[in-house]
Amino acid sequence: MTKTIVVTSGKGGVGKTTTSASIATGLAKRGFKTVVIDFDVGLRNLDLIMGCERRVVYDLVNLVNQEATLHQTLIKDKRIENLYILPASQTRDKDALTIEGIARVMHKLKKSEFDYIICDSPAGIEKGAKMALYFADEAIVTTNPEVSSVRDSDRILGILQSESKRSKMNEEPVKEHLLITRYNPSRVKDGQMLSVDDIVDLLAIPLLGIIPESPSVLDCSNAGKPVILDDDSEAGQAYSDAIDRLLGESKPHRFMEAPKKGFLSRLFG
Amino acid sequence: MGFFRFFKTNKEDQSAKVAKDRLQVLIAHERTGRDGPDYLPMLKQDILDVIKKYVSVGDDALSVQLETQDDCDVLELNITLPEDNNTSTVTPTAEAKRRAMERRQAAAKVT
Ligand SMILES: Nc1ncnc2c1ncn2[C@@H]1O[C@H](COP(=O)(O)OP(=O)(O)OP(=O)(O)O)[C@@H](O)[C@H]1O
Ligand SMILES: [Mg+2]
């Protein structure tokens, strides 16, 4: 059975692409045949984060328009077995994708026996974001500890509950997961940033993980490597934990506390 | 934390608390727009139109909240009427005055 997971947020720049890359890589590393699809038509970026930008020949729009086959369009990851990337198109035509076209692609992926289809949603609540979430079985709602991000996450939850295929067909609702990214425990401790508890309280969906703000995310994107492959980084470890939870394991949440500082570093830090 | 912030009381830094309070109100408000039955926005507009017949208020004067309790749904209406500078009551619109006049005349005829 293929599972389709959308990574969505409403608000832009909160870490959807970073998350899509790491979640897909993490699942493939555990042996699941996984494809990650960039739905950000016009603003292709997942290829850069995955480090395969020079191998893009065809894209999602070519595939939808049947100008290329699935085999020609999918890019096989060079590091991880079982991992494939489906890049977005650079076209400026916002109507290049249709639900019927995407449905055909999803059908082909299912026939190719993918275990997971990860959909990297564009920002916003317009057509592109709705298209990315339409076929989802599960949703990873990526949220930063910040007012506008929390509000937009709540709006995207509303859209998941009313405009996804599952809601329209009266099937079991899309399974929702909250992923808090760019979390800064010391600012939370100082009362300057919404805490995990605040956000869980407000959005009222189960917490999949907390990804701390971490310089290694930038380092990894510079190198074209999903941060989950950086075992030494906190963000990488936090994404690994999130994979375990996604697969049904229960694990305590880490990276919620600020590192303890000595007196001098508290004074001058 | 830095040299100066170490000595500062933490009170004025607690902006997260303000953020949460604001979000709580806002999200609850925005959810009623979508979780309720399809007719809720239209119902709200109709109620607002009726209010406007008598009092001049803006579109934000009415908030509608649908709460699901154990065995029933409760529709909660909150209408904020404008304050009047001279009196504490609101000024009726011309339409309201005309209707009141009609009512009184009708009542006078009965007696
Ligand atoms: N945990 C993190 N720590 C530090 N920086 C991060 C973290 N997560 C994401 N970022 C940075 O935030 C920026 C936005 O990330 P990303 O592109 O993944 O967001 P997005 O939601 O996909 O954006 P868009 O809405 O434009 O598609 C990038 O510069 C990324 O490096
Ligand atoms: Mg993105």
Side-chain angles (χ1 to χ4, degrees), chain A residues 10-11 125 130 141 143-164 167-168 173 176 178 180 182-205 256 258-269, chain B residues 1-48 58-78 80:
Chain A
K11 190 171 160 64
I125 52 171
K130 287 182 182 174
V141 179
T143 308
N144 290 168
E146 189 246 320
V147 280
S148 52
S149 176
V150 174
R151 177 203 212 166
D152 290 356
S153 290
D154 199 67
R155 292 195 67 186
I156 217 73
L157 283 166
I159 292 173
L160 278 164
Q161 288 157 12
S162 62
E163 298 191 41
S164 60
S167 71
K168 297 223 164 175
E176 299 154 346
L178 173 63
I180 300 174
R182 310 202 68 165
Y183 196 67
N184 187 331
S186 47
R187 297 200 70 185
V188 172
K189 193 162 161 272
D190 289 351
Q192 296 172 317
M193 202 180 240
L194 289 165
S195 69
V196 172
D197 288 340
D198 289 341
I199 301 170
V200 172
D201 215 32
L202 287 161
L203 295 178
I205 60 171
M256 276 166 86
K260 291 231 173 357
K261 283 185 170 180
F263 176 76
L264 279 180
S265 73
R266 269 168 71 201
L267 206 50
F268 300 107
Chain B
M1 183 169 272
F3 187 80
F4 291 105
R5 285 193 32 219
F6 183 74
F7 295 103
K8 221 165 67 172
T9 58
N10 248 348
K11 268 266 165 56
E12 55 216 275
D13 279 351
Q14 303 283 316
S15 58
K17 172 91 178 62
V18 181
K20 188 179 180 190
D21 293 346
R22 289 172 61 214
L23 277 169
Q24 233 150 11
V25 174
L26 178 69
I27 287 179
H29 176 75
E30 288 180 341
R31 277 180 193 166
T32 49
R34 62 173 208 239
D35 290 349
D38 292 348
Y39 61 73
L40 207 58
M42 285 177 290
L43 175 67
K44 184 179 172 183
Q45 193 54 53
D46 283 354
I47 295 172
L48 200 57
D59 283 351
D60 55 356
L62 174 67
S63 83
V64 177
Q65 209 96 317
L66 188 74
E67 302 227 334
T68 310
Q69 295 180 352
D70 304 333
D71 50 352
C72 63
D73 287 346
V74 176
L75 188 68
E76 189 186 301
L77 302 182
N78 260 303
T80 319

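Just so it is clear, the structure is predicted and the values come from calculations on it, not from any experiment.
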*Do you know which of Arg151(A), Glu146(A), Arg187(A) has the most heavy-atom pairs under 4.5 Å to chain B?*
Arg151(A)
_Counting C-beta onward and ignoring hydrogens, is there a side-chain heavy-atom pair between Gln24(B) and Asp201(A) closer than 4.5 Å?_
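Sidechains of Asp201(A) and Gln24(B): in contact.
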*asked:* In the structure I gave you, are the side-chain heavy atoms of Leu23(B) and Leu194(A) within less than 4.5 Å of one another anywhere?
replied: yes
*Any idea which heavy atoms bring Arg31(B) and Leu202(A) closest together, and the distance?*
NH2-O, 2.7 Å
